[in-house]
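Chain A is the first sequence line, chain B the second, and so forth, proteins listed ahead of strands; every chain is numbered from 1. This is a predicted model, so every value here is computed, not measured.
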Amino acid sequence: VTPAIPETSSARRATLLQVGALLGACLVYASVGHIAPIPEGPAMLLVSVGLMLVAGLLASRILGTLGLPHLTGYLLVGAIMGPHATGVANEHAVEQLASVNGMALALIALAGGAELRIDDVRARLRSLAASTLTHGTIGVVLPAAVFLAITPFVPFTRDLAWPARFALAALWGVLAISRSPAATLAVIKQSGARGPISRFVLTFVMSSDVTVVIAVALTMTVARPWLTPEGTFSVAAMMEVGRELVGSVSIGTTLGLLLGIYLRTVGRHVGIVLFVLGFVAADIIRFLHFDPVLTFLTAGLVITNLMERGHELIDAVDATGGVVYVVFFATAGAHLDLPLVGQLWPAALLLCAGRLLATWLGHAAGASLARDPIPVRRWGWTGLVSQAGLTLGLAVLIARAFPSFGPAFQSLVVVTVAVNEVIGPVLFKLTLDRVDKRIAGEQPAASP
Amino acid sequence: MSVLPLLLGLLVLAYVGSALGEGSAAPRAPVAGYLGLGFLAGPHGLGFIDALTVEAFDPIARAGLGWLAFTHGVAAPARQASRTWHQLPISLAFAATAAVVGAAVSRLTVPSSGGLQPAALLGLAAVGALASSRFTDGHAPPTRFSPVRLGGGLVGFALLDLMFVVHVVPADDGPLALAARVAVPAALGLALGVTIVAARRAGLEPIELRAMCIGTTAIAIATSMALGVPAITTAFVLGLTLRHLAEPDHGRDRATYDPIVGGRAAVVLPMVVLAGLALPLPDSRPDLVLTGVVVLALVAFDRLLRRGQPGRWRPPQSEAALSLGFAAALQLEGEMGQVVLLVAAGFAVVTDVSFERRGPPVVVAPVDPVAAEAPL
């Protein structure tokens, strides 16, 4: 039996080495910067990416020893490096790194789709339908109401007219029902839980991705006339959204079939193919006015359910995403307008509390309606708190669509996502460790 | 569209092209194919991509070359060091052939110009050194890394570094400045290497290790650029430090090696396409003659040495030679850079096509388990 003391000592040694490595990298950068400042252009871009990767990875591991998720480390490093704090990565470099967003979103959506099995959806159809209904109502309306209530106190909304505030609150409400497929998967994998709570949360989070993406696209179209002076609402605009959604699903199906055939027949250089898809295909899809998130989500769905190559795809996404996610989240952190955060934190806390309440109420109502097992009814909501890449990605889309207030709105989203990402995985892991694993142990032959 | 999606789009085209050609009877030459596609799309071909856009690829090329140098450092385990040293004379002989023939031809064809400048000769020598990687010592299987391949890489990268130093350092700076430009990147690589070793020993997962290596190499390249010293040495020493300090058993568990070097193709192929984009048509007869003679000299030297080693030859490392040629072309303005790139491309195409025609090489010697540990 391995004694506990050496394990603790080994973990302490590892943490010390990580802290040492982090300080070493910063020292090298600071020493060189002292002798010769990093010039603008390629060197600045390279050093930004390099430090985001090195410091992000090390910080996430150091914070991991405190039970905090990796994402928090990436966001923190990005915020410290960003133009609003130390300025190691200046505005130009951060702008150039925005091209990673498309890639990261494509990977997140592909993995999310690939995790969604139609059989699982069919087995839990009643439960999923009830939860979708209650989260789609309570989960949207309550956070939207909280947002609306605080608009007079938020700097970028206080001068808006009331219709615009309603429109923005609706967007906030829809964003509030987005979850984090990546965080959900990571916590389930880490805990090794296979009980009813983990299975419900996984299926619901993956299937609700599709709902959220469609809901955000629809809400943006409906809200646009109130949010931009030149925006108008018409039936044609709704038809355009319909075209966008149907087109995205069609392209995603085709892409999924092609990628599935590639995985079956060739199967090599999958990482490079994903890299190309993320950069080139995402650009083309956006150019054609289709939704890249929905497209890649559908592609992942097709690969798992029609081509049965989901595991290969998920492995390849994990390998490629290891680098891309760090830069993506760190860049999101670098966008964090810290002076604005200083003004927004009370609002962000209120919004987080509102969302938490809405998640709990929405889940309790949905699970009761569907007569889910008691543990799912009581504790299922803990798996629905995390928010991460998908929410940040959707916030990027909103910021691009509404440049006048978009960046400030995005900052508010980043702050609330950071809070949800800190508390969400911790709550979910506690539930899985203390409830789900125990139930799974009592019912080893539980139905899948 | 920005330059990265453009490059990736070209790669897809090249990849699809090579996949379509897989079933045909025509000899396949992947490197020549990727190079040809880049040339066709570039400013000297059909002109889909203009010269300014090609210049915008500079940071990608620098990062790619830095990563190649880093992987070369990581791929140099101490167990093979003595055999690598034994093969260095072959690589040096190839380098000398390329430089001497280049100097002689340039003096003969344009006597008034005084021949190629030292920087260009060093660039040619670097390309020549990598041409030597065609040989194996008969122990390593042909599809794997061998000491010769490492030796060629070592000499090639060192010569390219020297070319940068000679080209950048003003002549009146003296030997001290020259020495500093070699010592500073080595110290920088060592310092960053120690950092990454600490992280490695803290138990990073393979995916995290790869991300960490990419990040540290990017810092190495950027800080070298800021200090005005060659990034190749920094990145190479970084890789060497990681391999030798992180794994006291010198890579027997391959935990450091595989996640890093396994993805080489993802860097090498874009570099070959980029080299094709920058590839010029020889705009004067002397350039054409110089290119042709140097390539022929390298091929002849290659054949001469190979006469004693039937069946032991291997695919040339023409993609690495091309990467070096492209890096040289970016550094050496005008004709000098063009000549180096043309020679690299000429040698790559000739050896690539000839290798594909001959089919897969035959291994006559037993596989050395130590050498077999280090795959390409």
Side-chain angles (χ1 to χ4, degrees), chain A residues 10 13-18 20-25 27-29 31-33 35-39 41-58 60-61 96 99 102 266 269 271-273 275-276 278-280 282-284 287 318-319 321-327, chain B residues 1-2 4-12 15 19 22 56 58-63 66 184 188 191-192 194-229 231 259 262-263 265-266 269-270:
Chain A
S10 150
R13 182 174 160 270
T15 309
L16 278 175
L17 280 170
Q18 283 154 4
L22 182 58
L23 290 175
L27 193 69
V28 169
Y29 168 75
S31 311
V32 172
I35 299 166
I38 306 291
M44 177 59 84
L45 186 64
L46 279 173
V47 89
S48 302
V49 172
L51 279 173
M52 277 177 182
L53 279 171
V54 172
L57 280 167
L58 292 170
S60 69
R61 298 215 32 135
Q96 282 185 303
S99 61
V266 184
H269 302 313
I272 300 178
V273 172
F275 209 68
V276 170
F279 275 112
V280 183
D283 259 13
I284 294 171
F287 177 75
D318 280 349
V323 176
V324 177
Y325 292 160
V326 182
V327 179
Chain B
M1 193 183 270
S2 66
L4 193 56
L6 194 63
L7 174 62
L8 290 170
L10 282 172
L11 267 178
V12 173
Y15 190 68
E22 229 161 69
D58 182 44
I60 298 175
R62 281 171 192 257
V184 168
L188 192 59
L192 284 169
V194 170
T195 299
I196 201 170
V197 166
R200 168 82 183 94
R201 289 201 171 175
L204 291 180
E205 299 289 323
I207 292 173
E208 290 176 316
L209 178 66
R210 180 156 51 182
M212 185 85 187
C213 288
I214 292 172
T216 316
T217 310
I219 296 174
I221 297 166
T223 46
S224 299
M225 283 161 78
L227 293 170
V229 294
L269 293 182

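Only the side chain of L58(A) comes within contact range of chain B, with at least one heavy atom under 4.5 Å from a heavy atom of that chain. Both the backbone and the side chain of V47(A) come within less than 4.5 Å of a heavy atom in chain B.
Residue L57(A) comes nearest to M212(B) through the heavy atom pair CD1-N, 3.5 Å, listed as atom of the first residue, atom of the second, then distance. Between A43(A) and A222(B), the shortest heavy-atom contact is O-CB, 3.3 Å.
For chain A, the option among A63(B), A231(B), A220(B), A211(B) with the highest count of heavy-atom pairs below 4.5 Å is A211(B). In terms of heavy-atom pairs under 4.5 Å with chain A, the best-connected choice from T195(B), T217(B), T216(B) is T195(B). Chain B forms more heavy-atom pairs under 4.5 Å with one residue of L53(A), L45(A), V49(A) than with any other, namely L53(A). Taking chain B as the reference chain and counting heavy-atom pairs below 4.5 Å, the highest number among V323(A), V54(A), V326(A) is found for V54(A).
The shortest side-chain heavy-atom distance between L46(A) and M225(B) falls under the 4.5 Å cut-off.
Residues that satisfy the side-chain contact (heavy atoms from CB on, under 4.5 Å) test with S60(A), not counting sequence neighbours, are H70(A), Y74(A). Residues passing the side chain to side chain donor-acceptor pair (under 3.5 Å) test with S224(B), sequence neighbours excluded: T234(B).
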